[in-house]
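Presented below is the structure to which this report refers.
Computed from a predicted structure; not experimentally measured. Note that ligands are numbered from 1 as they come in the structure, with each ligand's atoms numbered from 1 the same way.
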Amino acid sequence: MTKKSSPSHIISLLLNGLFLRCPKCNQGRVLRGYLTKADSCSECGESYEGLNADDGPAWFVMIFVGILLVPVLITLGITDAFPMWGNVVAITVFTTGFTLALLPPTKGIFIAILWYMRQQK
Ligand SMILES: [Zn+2]
């Protein structure tokens with residue numbers, strides 16, 4: 001097992017992705033703006049060309065938020081805590097909030113994984 005494929009290296013790589021840091025130098029940012037991938041690292045110059053996450057992060061977040069939504073829907077369905085319009089507002093805020101919060105770190109993780117796979121070639 002090489003250093004670059006050790007579990008600690010991979011966990012470090014995923015944490016860099018989670019915090020939107022460059023997978024190579026751990027300093028620069030992989031995104032400029034909310035979801036736009038940077039062309040290269042601002043610190044070390046590592047190119048992110050070809051590291052296209054496409055719709056992967058969006059699909060992953062949709063599935064994950066959907067799983068999180070099930071207990072919320074069940075709880076709102078069996079309790080009369082809110083009126084119907086309150087349930088709609090609560091579900092909308094929950095779903096939108098989690099989706100918007102999870103998209104950038106998920107994209108950072110996808111880019112880190114793609115960068116790692118490119119290094120293995
Ligand atoms: Zn860098």
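The environment of CZ in F94 is crowded: more than 12 heavy-atom neighbours from other residues, nucleotides or ligands sit within 6.0 Å.
Salt-bridge annotation for R118 and E49: absent, with no side-chain N of the basic residue lying under 4.0 Å from a carboxylate O of the acidic one.
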V30 vs K37, side chain to side chain contact (heavy atoms under 4.5 Å, CB included): CA-CA, chis, key distance, verdict: CA-CA 6 Å; V30 294; K37 182 184 68 172; 5.8 Å; no
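Taking the side chain to side chain donor-acceptor pair (under 3.5 Å) definition, one finds that N16 meets it with R21, N26, sequence neighbours left out.
For the pair Y48 and P23, the minimum side-chain heavy-atom distance is below 4.5 Å. Counting heavy atoms from C-beta on, the side chains of P105 and F19 never come closer than 4.5 Å.
Protein N/O/S atoms nearer than 2.8 Å to the Zn ion (ligand 1) total 4.
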